[in-house]
Amino acid sequence: MNEKEYKKSLRQFHKHSDRHILVVETDMSFSDIQKVVALSDKIRKVGNELVGLMRKNYDQLIRTKRYRKVRKLYGATEEKKKRKVLASQLNEMQKQYHVTWDDCRTSMIPIGKKYGLDAVFALTKAEDVWRGIEKCLYANGKTLHFSKYGVLPCIRAKQMNRGIPISVKENQLQFKFGKSTFEIQRKDRFQSDEIHAVLDYLAEPEIIDKKAIQTFVEKAYCINTYRPCYATLVPKLIRGKYRVYLHLTIEGKAKPKYDRFGKPRHKFGKGIIGVDIGTQTVAYTSDTEVGLKNLSERGNSIQKSERLERLYYRAMDRSRRATNPQNYNEDGTIKKGRKIWNYSNHYKRLQAKHAELCRINARNRQLAIKEDANSLRSLGDVLITEPKNASKLMKRAKETTKNKKGKFNKKKRFGKSVKNRCPGGFQTTIEKKFEVSGGRYIEVPSNYRASQYDHTADAYVKKKLSDRMYHLADGTLVQRDWYSSFLLYCYDDKIEEINKTKCRAEFEKHYKREKALIEWIQANPIKILNSGIKTA
């Protein structure tokens with residue numbers, strides 16, 4: 001294999017190989033942390049200036065009737081030839097109105113020079129802005145958004161030897177930021193295993209790359225090289241002090257985690273799991289057990305934290321209204337137009353407490369979601385659930401309706417529940433968990449209707465959303481979410497329908513487990529939101 005073919009094969013390997021991110025805290029000094037925070041804020045300003053420019057171009061493009069008409073035709077057309085013609089017309093109009101990646105990249109050059117920003121950081125920020133434009137052009141994005149004051153974007157250079165270069169000194173990873181150098185803090189065995197793997201690669205990169213290419217060409221398989229791709233600095237405000245974390249992107253799958261006794265921390269089970277994900281709860285049925293629990297919950301403190309969040313926000317609103325009466329109408333609504341806001345010291349203290357509480361709650365949600373995903377993976381390797389619909393549940397109703405008493409029905413939906421419990425984030429996490437760990441993730445068709453089928457009557461019975469506990473045709477009382485998970489457990493992916501034989505054969509065994517679960521919930525007592533299970 002000559003040098004040209006070798007480089008081509010190496011690029012193909014890098015393109016197809018897995019990647020993961022190692023998060024570790026840096027040992028930066030206070031002065032270096034301040035420099036990182038200042039640079040991060042500069043990147044925010046640079047990004048906002050580019051967003052303003054590209055947003056103006058995008059708005060002009062969207063205003064044109066021709067572009068909107070061609071885009072609508074493109075969505076309605078199924079023939080490949082016609083779609084190609086329409087796509088070329090859309091691309092020409094994007095070039096005409098300067099809404100392309102080249103325009104975004106070249107526009108960033110003078111902006112970056114104006115602020116004295118390193119070219120590699122400016123290019124990375126331009127990529128982030130362009131990703132937002134792509135969502136507006138090709139996905140469900142509506143407009144570009146500016147970054148607020150106080151929001152610190154990450155500092156990323158997508159090249160290993162530029163921006164934040166990586167080196168090895170005395171068998172330790174060392175990183176350079178500006179004129180200063182820093183190292184990372186190892187706090188557990190997993191981080192040590194990952195760093196040792198990176199050091200092994202940097203000791204003999206050419207040998208490992210040749211072995212990776214040989215395996216990729218001969219067996220069409222990507223080995224874990226643990227090549228450090230690039231580093232990212234992420235400043236965070238924690239308990240009133242700034243701390244800087246390093247996100248090191250590494251080629252290959254992550255190392256397995258072990259407990260203090262040297263045993264694998266996470267076990268991978270085998271079997272089918274049916275999972276029904278609601279707005280606030282998750283119910284599951286597996287070969288060995290059934291379950292019903294609140295989403296994103298660690299302990300019993302999350303509901304208190306959510307209430308405290310609201311109380312802080314209401315207190316902030318009262319303070320803001322008291323110090324800025326000129327910005328409000330008599331009915332309490334905010335006046336239109338440009339306004340000047342004054343914030344008292346009391347408001348700033350409340351804002352700091354609210355931000356810290358939101359950070360803690362968000363972190364607890366992330367940890368709870370990962371714990372639940374690992375728990376489900378330990379029960380089986382095939383997960384069956386319904387398609388994602390969290391974003392649809394957040395939308396308000398369009399039509400104005402009245403109830404039987406003649407009063408207007410509320411248009412609000414599940415926005416607060418989705419924000420606090422993150423059902424979409426949970427579903428994405430379990431999808432990645434099962435795919436990465438060698439399992440299967442299956443979404444049933446939209447016409448499966450697990451919540452409406454009754455296997456005792458072999459018919460679909462429409463139910464109200466408020467009916468959490470209901471009787472089947474033969475009189476059996478079941479919890480709705482659990483029963484939906486059982487019907488998902490009985491899904492046959494070959495015919496993409498309910499396996500009715502399996503429903504009848506397996507129901508009695510799992511129903512006994514469901515009764516025992518409800519008795520345990522009532523005995524403890526545990527509050528399961530929107531479950532219909534009454535506790536003392």
Over-ring placement of Lys512 relative to Phe507, 6.0 Å and 45° cut-offs: no
Distance (rounded to the nearest 0.5 Å) between Lys211 NZ and Ile207 CD1: 10.5 Å
All ring pair (Phe, Tyr, Trp, His ring centres under 6.0 Å) counterparts of Tyr448, not counting sequence neighbours: Tyr491
Criterion salt bridge (charged side-chain N to carboxylate O under 4.0 Å, His left out) against Glu297, the qualifying member of Arg365, Lys304, Arg421: Arg421
Pairs of donor and acceptor atoms involving the side chains of residues 253-274, under 3.5 Å and at least two apart or interchain, shall be tabulated with distances.
from: Asp259; atom 1: OD1; to: Phe261; atom 2: N; distance (Å): 3.0
from: Asp259; atom 1: OD1; to: Gly262; atom 2: N; distance (Å): 3.1
from: Asp259; atom 1: OD1; to: Lys263; atom 2: N; distance (Å): 2.8

Side chain to side chain contact (heavy atoms under 4.5 Å, CB included) partners of Arg243, counting only residues at least two apart: Glu25, Lys187, Ile238, Arg239, Tyr245
Check: Phe175 ring centre within less than 6.0 Å of Phe182 ring centre: yes
Arg468 and Ser531: side chain donor to acceptor below 3.5 Å: no
With sequence neighbours excluded, residues passing salt bridge (charged side-chain N to carboxylate O under 4.0 Å, His left out) with Lys388: Glu431, Glu443
Least distance between heavy atoms, Cys104 atom then Ala126 atom: SG-O, 3.6 Å
Gap separating the OG1 atom of Thr476 from the NZ atom of Lys515, nearest 0.5 angstrom: 9.0 Å
Partner set under side-chain hydrogen bond (donor to acceptor under 3.5 Å, both in side chains) for Thr285, not counting sequence neighbours: Trp482, Ser485
Expected output: side-chain Arg377 to main-chain Gly380 donor-acceptor under 3.5 Å: yes
Pair Tyr6-Asp209, side-chain donor/acceptor within less than 3.5 Å: no
Polar contact flag, side-chain donor to acceptor under 3.5 angstrom, His20-Glu194: yes
Pairing residues for Phe434 by the ring pair (Phe, Tyr, Trp, His ring centres under 6.0 Å) criterion, not counting sequence neighbours: none
